[in-house]
Novice: 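Sending over a structure as structure tokens; questions will come in a sec.
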Amino acid sequence: MSLTSKQRAALRGAANTMDPVYQIGKGEIDETLIQGIADCIAARELIKVKVLENSEYDPRQAADILCEAVGCECVQVIGRKFVLFKQTKKESAYAAVLAK
């Protein structure tokens with residue numbers, strides 16, 4: 001599923017007030033982190049992640065790695081944070097946003 005620019009804009013607006021739920025530090029992006037983000041995104045659909053200054057990854061790299069591993073879409077990368085989205089099959093909280 002590829003998001004249109006209007007859908008991305010709506011999801012960016014929804015994520016604007018969110019706080020990051022995960023931080024990527026100096027450790028590697030390993031299976032534990034990937035599984036945690038997969039579980040979180042399955043529950044929330046839209047999450048924000050922060051990449052700390054001491055991380056070996058830049059935010060775009062981390063977002064690309066996680067999107068490929070989890071099977072989600074990167075909505076936005078801004079500064080040291082990025083937003084990930086994966087729509088659930090049933091009763092999506094963002095169905096109205098994506099229908100526009």
Novice: Are E73 and K86 within salt-bridge range, i.e. N to O under 4.0 Å?
Specialist: no
Novice: Which heavy atom of R12 sits nearest to which heavy atom of V75, and what is that distance?
Specialist: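 Where R12 meets V75 most closely, the heavy atoms are CG-CG1, 3.8 Å.
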Novice: Hey, are the side chains of Y57 and E28 touching, using non-hydrogen atoms and a 4.5 Å cut-off?
Specialist: yes
Novice: Quick check on the hydrophobic clustering: are I24 and V83 connected, directly or via other members, by side-chain heavy-atom contacts under 4.5 Å?
Specialist: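 Not linked; separate clusters.
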Novice: Considering non-hydrogen atoms only, spot the tightest contact between G25 and L52 and give its length.
Specialist: CA-CD1, 4.0 Å
Novice: I want to check something: taking the side chain as every heavy atom from C-beta on, are Q61 and D64 in contact at a cut-off of under 4.5 Å?
Specialist: no
Novice: What's the separation between atom NZ in K81 and atom CD in Q76, rounded to the nearest 0.5 Å?
Specialist: 10.5 Å
Novice: With distance as the sole test, does R8 use its side chain to make a donor-acceptor pair with the main-chain N or O of C74 at under 3.5 Å?
Specialist: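 Answer holds: yes.
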Novice: Given the rule that I, L, V, M, F, W and Y join up when any side-chain heavy atoms are under 4.5 Å apart, are F82 and V21 in one cluster?
Specialist: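 Same hydrophobic cluster.
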Novice: Is there a path from L3 to V77 through hydrophobic residues (I, L, V, M, F, W, Y) whose side chains come within less than 4.5 Å of each other?
Specialist: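 No, L3 does not connect to V77 through the hydrophobic network.
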Novice: Are I34 and I47 connected in the hydrophobic side-chain network, where two residues link if heavy atoms are under 4.5 Å apart?
Specialist: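 Cluster IDs for I34 and I47 match.
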Novice: Please report the C-alpha distance between D58 and V51 in whole Å, then the side-chain angles of each, then the deciding distance to 0.1 Å, and finally whether the side-chain contact (heavy atoms from CB on, under 4.5 Å) criterion is met.
Specialist: CA-CA 7 Å; D58 67 16; V51 178; over 6 Å; no
Novice: How close do K26 and N54 get, heavy atom to heavy atom, and via which atoms?
Specialist: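 K26 and N54 have their closest heavy atoms at CB-O, 3.5 Å.
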Novice: Are the side chain of E68 and the backbone of I65 linked by a donor-acceptor contact shorter than 3.5 Å?
Specialist: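 Not confirmed, E68 side chain does not pair with I65 backbone.
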Novice: Working to the nearest 0.5 angstrom, can you tell me the gap between D30 CG and Q35 CD?
Specialist: 11.0 Å
Novice: Would you say that more than 12 heavy atoms from the other residues, nucleotides or ligands in this model lie under 6.0 Å from the CD1 of I78, or not?
Specialist: no
Novice: What about L11 and M18, same hydrophobic cluster or not, with Ile/Leu/Val/Met/Phe/Trp/Tyr joined at side-chain heavy-atom distances under 4.5 Å?
Specialist: yes
Novice: Heavy atoms only: give me the nearest R80-P59 pair and the separation to one decimal.
Specialist: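 Here R80 and P59 meet closest at CA-CG, 3.7 Å.
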Novice: Restricting to non-hydrogen atoms, name the atom on A63 and the atom on L84 that form the minimum distance, rounded to 0.1 Å.
Specialist: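 In terms of heavy atoms, the two residues are closest at O-CD2, 4.5 Å.
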Novice: Name all residues meeting the salt bridge (Lys or Arg N to Asp or Glu O under 4.0 Å) criterion together with E31; count only those two or more places apart in sequence or in a different chain, and write none if there are none.
Specialist: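 None.
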Novice: If you measure from OH on Y22 to CD1 on I41, what distance do you get to the nearest 0.5 Å?
Specialist: 11.0 Å
